[in-house]
K.L.:
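Quick one: structure below, then a few questions.
Letters A, B, ... are given to chains in the order of the sequence lines, protein chains preceding strands, and every chain is numbered from 1.
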Amino acid sequence: MRLLQLSAPDFDLARTLDSGQVFHWENRRAGHVGAIGPKAVYAEQRGERLFFAGVSAKTLARYFSLDHPLAEICRAFPNDPAMSAARDFCDGLRIIRQPRWECLATFITSSMKQVAHIRQMSQALRTQFGARTMIYGSHVYAFPAPARLARATEAELRRCALGYRAKNLLATARLVARGEANLEQWGSLPDDTLRAHLCELPGVGAKVANCVMLFAYERLRAFPIDVWIERVLKQKYFPRKRKVTAQQLRAFCETYFGEHGGYAQQYLFHHARKGGGAQVVRPGVLRYDSPARSR
DNA sequence: CTCCAGGGATGAT
DNA sequence: ATCATCCATGGA
């Protein structure tokens with residue numbers, strides 16, 4: 001198969017795909033296979049170029065937000081040790097522009113699950129209910145439309161290992177399929193109104209709503225606070241406080257990280273999970289120190 | 001306010 | 001092989 005090419009400076013494909021935003025891409029050959037909306041895609045990075053097939057250069061560039069002024073965004077981050085370390089670690093990581101329903105549905109299933117589980121559920125929902133296509137020798141399944149999941153049963157969804165999330169996903173799929181929740185129309189709402197609408201949906205709380213705003217509505221201020229981020233924030237920005245309330249954290253993030261807080265959050269999150277020798281010493285406690293030292 | 005469902009991977013023993 | 005832990009929402 002002939003691959004198309006695209007210049008993609010300031011972009012790290014593998015890092016972006018592995019940063020907890022999307023859960024369906026898989027490593028194949030020298031690259032990655034996944035779906036962008038209904039289309040199967042192969043993408044491979046060689047230096048500052050992307051070699052790809054399955055979609056147009058425009059679609060690929062839009063999905064991976066190659067138009068985001070990454071250098072400028074990083075320069076505007078607050079200047080503190082935690083943020084600087086995260087920025088150095090996350091070079092080329094971009095916030096993906098995901099399809100709205102796919103992102104919402106996936107993050108509803110994400111509650112109380114770790115990345116490996118979310119991948120499994122996404123995969124199960126796709127193979128069970130999604131349309132199958134082929135790219136570069138691999139099968140790829142699109143994420144099922146709201147109407148498709150709306151006519152599934154809760155038991156069928158539970159068989160995709162969703163547990164109690166099945167009920168929430170089904171209820172939300174029905175609201176979206178019936179047009180009572182118009183995800184596309186919500187794109188023009190201001191941040192606070194959009195967040196309030198999202199939080200009305202079954203299975204969507206503040207954290208999931210902020211993920212959807214950041215990953216599917218281009219709201220780069222949205223700052224999802226999960227346990228990883230909470231630990232980082234408490235440890236790095238409130239080191240000698242014994243009790244920090246969720247309210248305090250929220251207020252701090254809103255002002256301190258500013259206009260591109262979502263990017264800052266993504267970098268802190270990815271650095272905490274993947275880098276810097278961060279490890280869980282005991283429940284709720286992260287340790288950062290030099291990784292090479294054991295034994 | 002507290003408690004807990006839910007469930008499969010992950011890492012420690 | 002067993003065991004504790006990870007995870008966020010919603011309801012009791």
K.L.:
Using the P atom as the point on both nucleotides, what is the distance between C:dT5 and B:dC3, in whole Å?
P.N.:
16 Å
K.L.:
Rounding to the closest angstrom, what is the interatomic distance between C:dT9 and B:dA9 at atom P?
P.N.:
23 Å
K.L.:
Of the options A:Y267, A:Y263, A:F257, which is the one that meets A:F77 in a ring-ring contact (aromatic ring centres under 6.0 Å, His included)?
P.N.:
A:Y267
K.L.:
Can you establish whether the number of heavy atoms outside A:E180 located under 6.0 Å from its atom CD is more than 12?
P.N.:
yes
K.L.:
Given 3.5 Å as the limit, does a donor-acceptor pair link the side chain of A:W101 with the main chain of A:P144, or not?
P.N.:
yes
K.L.:
Would you kindly compare A:Y164 and A:Q120 by the position of their nearest DNA chain B nucleotide and give the one closer to the 5′ end?
P.N.:
A:Y164
K.L.:
In whole angstrom, give me the gap between the C1' atoms of B:dC1 and C:dC7.
P.N.:
22 Å
K.L.:
For A:E200, does the CD atom sit with more than 12 other heavy atoms under 6.0 Å from it, leaving out its own atoms?
P.N.:
no
K.L.:
Output yes when A:R219 and A:E259 qualify as a salt bridge under the 4.0 Å nitrogen-oxygen rule, no when they do not.
P.N.:
no
K.L.:
What integer distance in Å separates A:I118:CD1 from C:dT9:C1'?
P.N.:
14 Å
K.L.:
Do A:Y42 and A:F64 sit in one hydrophobic cluster, given that two such residues count as connected whenever their side-chain heavy atoms are within less than 4.5 Å of each other, even indirectly?
P.N.:
no
K.L.:
Could you tell me whether A:D18 and A:K274 make a salt bridge, using a distance below 4.0 angstrom between a side-chain N and a carboxylate O?
P.N.:
yes
K.L.:
Quickly work out the A:L162 CG to C:dA8 C1' distance and round it to whole Å.
P.N.:
14 Å
K.L.:
Which two nucleotides bound the region of DNA chain B that has atoms under 4.0 Å from heavy atoms of chain A, read 5' to 3'?
P.N.:
B:dG6 to B:dT10
K.L.:
What stem regions, each of at least 3 consecutive Watson-Crick or G-U pairs below 3.5 Å, can be found for DNA chain C?
P.N.:
B:2-5 with C:9-12, B:7-13 with C:1-7
K.L.:
Nearest whole Å is fine: how far is C:dC7 C1' from A:R165 CZ?
P.N.:
8 Å
K.L.:
Strictly below 4.0 Å, heavy-atom distances to any atom of DNA chain B: list the hits from residues 109-116 of chain A, or just say none.
P.N.:
A:M112, A:K113, A:Q114, A:A116
K.L.:
Do any side-chain nitrogens or oxygens of A:W228 fall under 4.0 Å of OP1 or OP2 in C:dC7?
P.N.:
yes
K.L.:
Please report the distance, rounded to the nearest Å, between CD1 in A:I108 and C1' in C:dC7.
P.N.:
16 Å
K.L.:
Assess the side chains of A:T59 and A:S56: does a donor N or O sit below 3.5 Å from an acceptor N or O?
P.N.:
yes
K.L.:
By the 4.0 Å heavy-atom rule, please label A:L201 as base, sugar-phosphate, or nothing.
P.N.:
sugar-phosphate
K.L.:
Does the ring centre of A:H32 sit less than 6.0 Å away from the ring centre of A:W25?
P.N.:
no
K.L.:
Verify the contact: side-chain N or O of A:R273 to OP1 or OP2 of C:dC7, cut-off strictly under 4.0 Å; return yes or no.
P.N.:
no
K.L.:
Using the benzene-type ring in the case of Trp, are the ring centres of A:F129 and A:F143 under 6.0 Å apart?
P.N.:
no
